[in-house]
Amino acid sequence: MNTEAPSTPSNFIKTIISEDVQNNKYNGKVATRFPPEPNGYLHIGHAKSICLNFGIAQEYKGGTCNLRFDDTNPSKEEIEYMEAIKFDVRWLGFDWQDRLYHASDYFDQLYAFAVELIKKGKAYVCSLSPEDTRAYRGTLQEPGKDSPYRNRSIDENLDLFERMKNGEYPEGAHVLRAKIDMASPNMNMRDPAIYRIKHVTHNRTGDAWPIYPMYDFAHCLSDSIEGITHSLCTLEFEDHRPLYDWILDQLDVPCHPQQIEFARLNLSYTVMSKRKLQVLVEQNFVSGWDDPRMPTIAGIRRRGYTPLSIRNFCERIGMARRDSMVDVALLEFSIREDLNEKAPRHLGVLRPLKVVIDNYPENQTEELNAPLHPNNPDMGSRAIPFSREIYIEKDDFLEEPPKKFFRLSPGREVRLRYAYFITCTHVVKDKTTGEIVEVHCTYDPATRGGDSPDGRKVKTTLHWVSAAHAMNAEVRLYDRLFNKENPDEGTNGSHFTDFINPDSLEVLIDCKIEPGLADAAPGYSFQFERLGYFCKDADSSKDHPVFNRTVTLKDAWVKIAGKEKP
RNA sequence: UGGGGCGUCGUCAAGCGGCUAAGACACAGGAUUUUGAUUCCUGCAUUCGGAGGUUCGAAUCCUCCCGCCCCAGCCA
């Protein structure tokens, strides 16, 4: 344990909850819930909410967090999504134990609450068409008008509602509405619909119900039924809070949870709405919901992000009520931080350039010992083969180097990582194209392992791989999906897809990797030294390994090289 | 122009009337380095959207103004 008091980043929600606990507001209990609608895949924004809700449950003694599917709209929801959501929440490292719930578990109770509301004269069956309902609602600055059905008798409402439940009417014929105030400046209070007719099979309740409760009715009551103390949601539901409270106030409910809103997460260079992510998938801008460029949990996972890195990220971005745009650099920092510590190191060449070491014995091969992590000997080491012909990175050789270029060039000596010092003697070019096809070098046998006995220094160390022993591999280099920091921020009539980065994916099929890496399991996360963190993709086959670049290493050279240019 | 929110460093974000306005990312220098990585130092808001006011004292309280976000689904 640390000696210093943990500097738990405080936020306004924890401040409120701590006060409530201190005041014994809910008998000192803290119960939260994560309530996704199973109509799509979870994204990094949901991760913020998951970490918040489950995190609070962990932080307070006896705290709990339920996983509840808000499955009140069977026309949009699917079992497939429920399974994917459960997988993602678990993968992030959270556990709802035996508290997996569904709003549909409460359909009977919800129906009974609706009947109670009718009996109290607080709800009525309205038979206005959807179009008329809209017309009667008024506008933002003008009050609405009472529905002509607003004063139906309780008995008539009870009868009609029961017949709605019995499936006697077509969709749109009637709707159950809360009787509140058609002149309220808050649109949500203008007699909102709380039940609608939908002759749709529900994936859990089948055809038992031809009517389904609306979010505003189902959510607060589900919270109450589950004994939730703090109902945390995003800012756009703030205007719904009066309705949330109104419903619970009318009914004889187990408890009255407190709704608290926070700002949703926006990440630079990506989009976050389910609708937009769906467009990216459906119009094939990406390969699917788990495309490594997607901000979905599935995509981020396939990209090679770890659960811990995402939890740390969510902790770092904080919690507030102001709209904000978090720099994607913070996400990248979080994954580098985790992988720097944990990822084994390997050697791989993305764009191979052949190097022939002229003074190295023709048919000799030797095994060199290379630690799996230079800063952590406990991770062990592996042997890597070395021979006369090797590959180095094309970027690591320049025939005419600029001032600050430390890498290989004619006459210059560099170190091969964990191998030898080599000095470039000359190059061989393709006669027609002039392209360098081979770099010739000599090596110093005394520098085996990478140390020079005479203490002479070398400016840099290159990664390499033995040509005869290397495995071929496909490497997918990912970059940000959009060129614009905020793709949503359209300039007159532009569409967010206009800002898609055409270079967000570069596929390299002629990569050379150290042998042994081919046997790694899908999901294996490691560092290609000097290049970045990568992970093996599930698309890999026995003789065709595929690697995804999770994130590059920080690279001072690209900055220097960038400055030299203009 | 109805209602509800929000404006503190390039980006997040603490701060809740009283020491020099936390911290992180980013950025810029320097040291160490067999990854131009990591690590390690150092620097980075005399000022809190603006203007007035209250107070011995204001980012924190009051007034006005400016800007941004959300709401007119039988979606969540």
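Small disclaimer: the values here were computed from a predicted structure and weren't measured.
More than 90° away from 0 lies the glycosidic angle of B/G29, which makes this nucleotide anti.
As the counterpart of B/C25, B/G10 is assigned, both hydrogen-bonding distances of the Watson-Crick or G-U wobble pattern falling under 3.5 Å. Remark: B/A31 base-pairs with B/U39; criterion is Watson-Crick or G-U wobble with both hydrogen-bond distances under 3.5 Å. As the counterpart of B/C44, no nucleotide is assigned, since no Watson-Crick or G-U wobble pattern has both distances under 3.5 Å. Across every strand in view, B/C64 sits in a pair with B/G50 that passes the Watson-Crick or G-U test at under 3.5 angstrom. When both distances must be under 3.5 Å, the Watson-Crick or G-U wobble mate of B/G2 is B/C71.
Side chain of A/Asn23 to backbone of A/Glu19: a donor-acceptor contact under 3.5 angstrom is found. Looking at A/Glu393, its side chain does come within 3.5 Å of a backbone N or O of A/Leu350 through a donor-acceptor pair.
Taking only side-chain atoms of A/Phe333, from C-beta outward, the nucleotide of B/A26, B/A14, B/C75 with the closest atom is B/A26. Residue A/Asp327 places its side chain closer to B/U11 than to any other of B/U11, B/A72, B/G36. Listed nucleotides B/A72, B/G2, B/A76 differ in distance to A/Arg196; the shortest reach to its side chain belongs to B/A76. The side chain of A/Asp239 approaches B/G4 more closely than any other nucleotide in the set B/U35, B/G4, B/C74.
B/A24 and B/C40 are spaced 11 Å apart, taking the P atom of each and rounding to whole Å. Look at the P atom in both B/A26 and B/U63: the space between them is 42 Å, to the nearest Å.
Checking A/Ser104 against A/Arg204 by side-chain atom types alone, a donor-acceptor pair falls below 3.5 Å.
Contact of A/Arg345 with B/U35 (side chain to base): a donor-acceptor pair of N or O atoms is detected under 3.5 Å. Taking only distance into account, the side chain of A/Gln527 meets the base of B/U35 through a donor-acceptor pair shorter than 3.5 Å. No donor-acceptor contact under 3.5 Å links the side chain of A/Arg316 to the base of B/G23.
At the heavy-atom level, A/Asn340 lies under 4.0 Å from the strands shown only through sugar-phosphate atoms.
Of the residues near RNA chain B, A/Gly318 and A/Tyr195, the one whose nearest nucleotide (by heavy atom distance) lies more toward the 5' end is A/Gly318. Ranked by how close their nearest RNA chain B nucleotide is to the 5' end, A/Thr72 and A/Gly138 are led by A/Gly138.
Taking the ring axis of A/Tyr269 as reference, the NZ or CZ atom of A/Arg480 stays within 45° of it and closer than 6.0 Å to the ring centre.
Applying the side-chain hydrogen bond (donor to acceptor under 3.5 Å, both in side chains) criterion to A/Thr447, with sequence neighbours excluded, gives no partner residue.
For the OP1/OP2 pair of B/C69 and a distance below 4.0 Å, the side-chain nitrogens and oxygens of A/Arg322 include no atom meeting the criterion.
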